[in-house]
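Here the structure comes first, spelled out in structure tokens, and everything after it is commentary.
Owing to the predicted nature of the structure, the values given are computational and were not obtained by experimental measurement.
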Amino acid sequence: MPLCGSAEYAKYCRNGRCASAQLARQIEILGNERARPGQRNEALKWVVHIVGDIHQPLHAANRGDRGGNRVQVSFFGERDNPPYGALNLHAVWDVHMVRRRVADRGGESAIVSAPVAARDRSAWERGSIADWVDESHRIAGDTVYALLPVAASCSDKIVDVVALDRTYYAKAAPVIEIQIRKAGVRLAQVLNETLGQ
């Protein structure tokens with residue numbers, strides 16, 4: 001959805017070509033007991049993938065920069081993103097900050113095995129797919145772009161390489177960890193509702 005201007009669903013999700021519409025479609029296939037096992041297996045893979053994607057804020061927001069793909073950055077001084085070339089904001093949120101957070105926390109198990117408070121679980125399970133996308137969209141505006149150490153208003157294109165360092169990471173990494181946890185809780189909810197307890 002655009003961060004600047006109208007976020008009209010019909011404009012950013014033409015003919016159902018967006019993550020929220022695709023997720024709903026794949027959930028329907030997964031829950032269809034008359035569908036072929038191969039179709040349901042493929043749908044399961046897509047459900048897992050898209051639920052994760054929806055929780056990455058730059059998959060739910062566009063600031064005229066293809067979801068951060070046109071914003072060149074350095075991350076703790078690194079500029080390379082092998083094999084894709086120069087590092088951009090989207091890749092930092094997709095991969096690099098996640099890797100660093102996992103390493104900082106002592107491995108994946110520290111993140112995935114941490115308890116989720118009952119009130120958080122209850123709050124995260126409320127809402128629809130569209131609500132999850134809206135939430136990620138807000139995070140993109142309020143965190144991803146707002147924390148950048150450069151002017152990032154809708155009228156300003158980011159043209160220089162933006163240096164992301166410990167200050168940006170310290171504020172963004174906890175948001176990423178919460179988004180990972182939300183995605184896990186919501187994926188479990190979708191699977192339980194679709195396939196039965």
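- Side-chain contact between Val190 and Val47: present, with at least one pair of heavy atoms (C-beta onward) separated by less than 4.5 Å.
- Under a 3.5 Å cut-off, the side chain of Asp131 and the backbone N or O of Ser128 do form a donor-acceptor pair.
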Kindly indicate, with the supporting measurements, whether the criterion side-chain contact (heavy atoms from CB on, under 4.5 Å) is fulfilled by Val162 and Leu89.
CA-CA 9 Å; Val162 179; Leu89 185 61; over 6 Å; no
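- In this pair, Trp93 and Tyr168 present their aromatic rings perpendicular. The plane angle is above 60°, beyond the 30 to 60° band.
- Distance alone, capped at 3.5 Å, places no donor-acceptor pair between the Thr194 side chain and the Ile27 backbone.
- Considering only heavy atoms from C-beta on, Val71 stays 4.5 Å or farther from Asn88 through its side chain.
- Proximity of Gln26 to Glu42: side-chain heavy atoms (C-beta onward) are nowhere separated by under 4.5 Å.
- With a 4.5 Å cut-off on side-chain heavy atoms, His59 and Asp94 count as touching.
- Shown are Asp80, Val161, Leu164, Val92; of these, the side chain to side chain contact (heavy atoms under 4.5 Å, CB included) with Leu87 is made only by Val92.
- Checked against Ile139 for a side chain to side chain contact (heavy atoms under 4.5 Å, CB included), the options Gln56, Gln179, His55 give a single hit: Gln179.
- A donor atom on one side chain and an acceptor atom on the other are not found under 3.5 Å apart for Asp65 and His90.
- Counting side-chain heavy-atom gaps under 4.5 Å among Ile, Leu, Val, Met, Phe, Trp and Tyr, the cluster of Ile178 also holds Val116, Trp124, Val185.
- With a 4.5 Å cut-off on side-chain heavy atoms, Asp53 and Trp46 do not count as touching.
- A heavy-atom distance below 4.5 Å is found between the side chains of Cys4 and Arg63.
- Inter-residue side-chain proximity for Arg101 and Ile176 is flagged as unmet; no heavy-atom pair is nearer than 4.5 Å.
- By the 6.0 Å contact criterion, CD on Gln39 is enclosed, its count of non-hydrogen atoms from other residues, nucleotides or ligands being greater than 12.
- In this structure a side-chain-to-backbone donor-acceptor pair under 3.5 Å is missing from Arg181 to Val112.
- Two residues are said to be in side-chain contact when any heavy atoms from C-beta on lie closer than 4.5 Å; Arg105 and Glu177 meet this criterion.
- We find that Arg186 and Glu135 are joined by a salt bridge, their nearest charged nitrogen and carboxylate oxygen being less than 4.0 Å apart.
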